[in-house]
Structure formats: structure tokens, C-alpha cells
Number of protein chains: 2
Amino acid sequence: MTQPSLRARKRQRARDEIIEAAYRLFAERGYDEVTVADIAERAEVGRTTFFRYFGDKQEVVFAGEQDWLDDLAAHHRNLRGDGPPGLSEALAQVRELTLALCARATLDPGRHVLRERLIADHPELGDRTARKQRRFAETMAEILREHGASAETAALAPQLALACYTAGRAVAGDDPAALTPSVAAAFDRLGLLPPTA
Amino acid sequence: MTQPSLRARKRQRARDEIIEAAYRLFAERGYDEVTVADIAERAEVGRTTFFRYFGDKQEVVFAGEQDWLDDLAAHHRNLRGDGPPGLSEALAQVRELTLALCARATLDPGRHVLRERLIADHPELGDRTARKQRRFAETMAEILREHGASAETAALAPQLALACYTAGRAVAGDDPAALTPSVAAAFDRLGLLPPTA
DNA sequence: TTCCAATTGGTACTCGGTACCATAAGGGAC
DNA sequence: GTCCCTTATGGTACCGAGTACCAATTGGAA
């Protein structure tokens with residue numbers, strides 16, 4: 001395997017150092033008490049450079065997560081069943097993706113817990129989380145439509161998945177290990193709804 | 001009925017004029033091209049005063065909506081069935097509230113359409129919408145718990161309602177009249193999910 | 001009228017975010 | 001190696017959102 005170019009490596013290192021510096025400072029002082037200038041100084045880059053790597057201060061909190069979504073979406077684009085999916089089939093598909101996403105959270109538990117705490121304490125970070133989720137839902141909807149699902153199904157199934165995810169997250173609190181089972185349980189309860197609820 | 005005090009009337013008038021000025025300017029120039037100073041000048045108040053009535057620039061876009069939620073929540077606190085609600089009963093209750101909320105959107109169609117356009121064009125306003133929805137869900141969850149629902153049911157039912165709302169909104173586009181039927185249809189499909197989906 | 005509380009608008013400040021510019025450094029062609 | 005082009009960097013200067021503070025005005029009640 002060929003090494004990435006020196007440029008690319010430097011770039012990656014700078015990015016990682018900014019994230020590292022940011023999380024350390026957030027852990028020490030809290031989100032509001034850390035300025036972008038502080039992060040840049042700790043990471044030994046200019047303030048301008050910070051904004052070249054991250055569109056805004058919030059983005060550094062969620063660094064990397066967008067990649068997960070894109071990965072998952074790309075991976076899922078190839079998985080198709082037979083014929084256009086109805087709501088049940090669509091739900092089963094987004095369920096898979098959602099649970100895969102939950103599993104990622106346990107990869108770096110320490111950072112996960114800190115991030116959950118930051119989000120809980122700062123409404124604007126919760127807002128930003130919601131933006132990511134919207135994007136996830138839209139991507140899923142797009143894929144479902146490509147697979148022949150109706151507009152209604154494509155819109156509803158991903159939103160239901162998000163509902164199960166959010167509800168599961170609320171039940172699990174910030175315990176990374178509890179996340180996946182809680183979300184799975186929510187999906188299960190969805191399947192047990194009696195007709196004409 | 002006694003008239004509210006002169007102070008209260010002036011206060012209400014100032015607030016209304018700020019909202020009016022803001023919406024007019026947003027319609028003319030778009031959200032980004034209007035500064036808080038512009039709004040304040042048009043409304044003939046000081047910039048400082050703007051921030052006394054609205055916590056930030058985004059808040060003026062959603063002025064009044066929070067009142068709806070509080071109203072509805074208060075109203076719903078008194079509606080109780082017999083015994084602790086299961087998921088189906090909880091879902092039926094939040095369904096009522098959600099549809100009532102949709103109906104409000106048709107009260108001022110012009111402003112509704114403009115607001116939807118602003119939200120669609122500006123991600124940060126979409127984020128803020130999500131914040132309101134989170135708060136709605138949390139309030140509903142609280143009420144459900146008061147009525148004896150389990151933590152899981154209380155967390156899941158409001159999120160499912162939000163899912164139906166969001167999906168319905170996506171299908172309806174910015175047509176106020178289409179909103180309620182679309183959302184209702186989403187709820188209906190939820191009741192038709194076969195067991196062990 | 002007098003006094004208190006509420007409201008106002010101005011000034012000055014911090015911080016997030018952007019535009020612009022001169023400089024440095026990587027990477028390829030020769 | 002050296003030339004040249006592209007990319008990345010950091011600094012300066014600017015704008016707008018949001019906050020703290022203060023002096024002046026105004027509503028309301030004694």
C-alpha cells in the first residue's frame with residue numbers, strides 16, 4: 001500500500017490535532033468558555049486555519065460523524081431486496097442502518113460520553129445533532145425512492161427510524177453500551193403495534 | 001373585562017411591530033441580508049430593545065409558536081384515559097395534539113409559507129425548528145409519565161408523532177392545506193404495520 | 001406631586017465568521 | 001538541484017450577533 005502524500009499526512013495531522021485540542025479544552029473548561037482562538041492556539045495553528053478545516057465551532061464537536069453517515073449510505077445503496085419496498089420492508093432496511101450507527105458510538109466511549117454531555121448542556125449543539133439526523137433521513141429517503149418506494153414510504157420510514165433512535169437514546173442516557181439494545185427495543189415495539197392504533 | 005395596563009399594551013405593540021418589521025424585511029431581502037439593526041430601525045426601537053423581546057435573531061422567526069405548544073400541553077394535561085396508557089393509547093393521544101398543531105398552520109397561510117421557505121433555505125433555522133420539536137416531545141413525554149406510562153412508552157410515542165409530522169410535512173411541501181391530511185395519513189399507516197415488521 | 005419600578009436606547013465590548021493578502025511549503029517537470 | 005505552479009498558512013481588517021452597563025424616560029401607585 002502506498003503512503004499518502006506528505007501534504008495529505010500533514011493535513012490529517014493538523015485536523016486531528018485541532019479535534020484533540022478542542023475536546024481537551026471542552027473537557028477542561030466547557031464549551032462556552034473555550035474560544036476558537038483558544039483551540040487554534042492549543043493546536044498550534046492560526047485561527048484562520050481552524051475555519052479552513054471546520055466550517056464553524058460546532059462542527060468540530062461532530063468531527064468524523066458525517067463520514068459515518070456517508071459510508072453507511074454508500075454501503076446501503078447496494079443492498080436491495082426484490083421489488084419496491086413497502087413500509088415494513090423499508091423500515092427493516094433503515095433499522096439495519098440505524099443499529100449499525102449505534103454500534104459506532106461504542107468505538108470511542110470516552111469521547112461519546114463527553115459529546116453527549118456537551119449536547120445535553122448546550123441547546124445549539126442539540127440543534128446541530130438534529131441537522132445531521134435530518135440529512136441522514138433525507139439520504140435514506142433518497143435511497144428508498146431509488147429502490148422504488150413510494151414518496152410516502154420513503155419519507156416515513158427514515159423518520160420512524162430516527163424516532164426509535166431518539167427514544168432509545170433518551171432511555172439509554174449517556175451509557176454507550178445501553179444504546180443499541182434500547183434502540184432495538186424501540187424498533188421491536190413498533191412492530192407490535194396493533195392495527196388501527 | 002378590564003383592559004390590560006398601558007404598559008402591557010405598549011409592550012405588546014412593540015413586540016408585534018418587531019415581528020411585523022422582521023417578516024417584511026425577510027420577505028423583501030431574505031434572512032441573511034437583514035441585520036438585527038435593520039429590524040430594530042424599521043420597528044422604531046433600539047437594537048438593544050430587540051434583544052429584550054427576542055433572545056436572538058432566529059427567535060423572531062418562530063415568534064408565537066412556543067405559546068401554541070405551551071397552550072396545547074396545558075390543555076392536554078387534563079385529558080386522561082383510564083389507567084396507564086400503553087404505546088397504542090399514548091400514540092392516539094399525541095396524535096390528537098399533533099393534528100391540532102397542524103391545524104394552527106393554516107391560520108396565517110401567508111406567513112406560514114414564508115416561514116417554510118426561510119427554513120428550507122437556511123439550515124440554522126431548520127435546526128431551530130428541531131429544537132422546538134424536541135421541546136414538544138419532551139413535554140409530551142412528561143405528561144405521559146404523569147399519566148402512568150412507562151419510560152419507554154413516554155419516550156417513544158412523542159417521537160413517533162414527530163416522525164409522522166415530519167414525514168407529512170415533507171410530503172405536503174409548503175402547502176398549508178395539504179399538511180393535516182398528509183400527517184394524518186402517516187399516522188394511519190403506522191397503525192397498519194404488520195406485527196414483527 | 002412624589003417616589004419606585006419598569007422600560008428604553010446608547011456605548012462599548014467579546015466572539016464567531018469572512019475576505020483579502022503576502023508568504024511559505026509541497027510536488028512535479030526538466 | 002532549480003524552476004514553477006498549486007496548495008496551505010497565518011495575519012489583518014472587517015462585519016454582525018449577542019452581552020453588560022448606564023443614564024434617562026415613563027407608567028403606576030401612594
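All values derive from a computational prediction rather than experimental measurement. Labels below follow one simple rule: chain letters A, B, ... track the order of the sequence lines, proteins then strands, and each chain is numbered from 1.
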- Message: Pair B:Thr166, A:Arg134 - check side-chain hydrogen bond (donor to acceptor under 3.5 Å, both in side chains), show working.
- Response: CA-CA 10 Å; B:Thr166 306; A:Arg134 258 181 294 152; over 6 Å; no
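Going from atom CZ of B:Arg15 over to atom C1' of C:dT8 covers 18 Å, rounded to whole Å. Separating the CD atom of A:Glu124 from the P atom of C:dG16 is a distance of 11 Å, rounded to the nearest angstrom. Computed from coordinates, the A:Glu17 CD to D:dG10 C1' distance equals 16 Å when rounded to whole Å. Atom P of nucleotide C:dG16 and atom NE2 of A:His122 are separated by 13 Å, given to the nearest angstrom.
Here B:Leu107 sits alone; no ILVMFWY side chain lies under 4.5 Å from its own, so it joins no hydrophobic cluster. Grouping Ile, Leu, Val, Met, Phe, Trp and Tyr by side-chain contacts under 4.5 Å, direct or through others, puts A:Phe26 with A:Ile18, A:Ile19, A:Tyr23, A:Leu25, A:Tyr31, A:Val34, A:Val36, A:Ile39, A:Val45, A:Phe50, A:Phe51, A:Tyr53, A:Phe54, A:Val60, A:Val61, A:Phe62, A:Leu114, A:Leu118, A:Ile119, A:Leu125.
Within 4.0 Å (heavy atoms only), A:Phe54 reaches no atom of the nucleic acid at all.
Closest approach of A:Glu59 to A:Gly55, counting heavy atoms only: OE1-N, 3.2 Å.
Around atom CZ of B:Arg135, no more than 12 heavy atoms belonging to other residues, nucleotides or ligands sit under 6.0 Å away.
Distances shorter than 4.0 Å separate none of the side-chain N or O atoms of A:Tyr53 from OP1 or OP2 on D:dA8.
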- Summary of protein contacts for nucleotides 18-30 of chain D, nucleotide by nucleotide, where a base hit scores B, a sugar-phosphate-only hit scores S (4.0 Å, heavy atoms): BB------BBS--
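Counting only N and O atoms by type, the side chains of B:Arg145 and B:Ser150 include no donor and acceptor under 3.5 Å apart.
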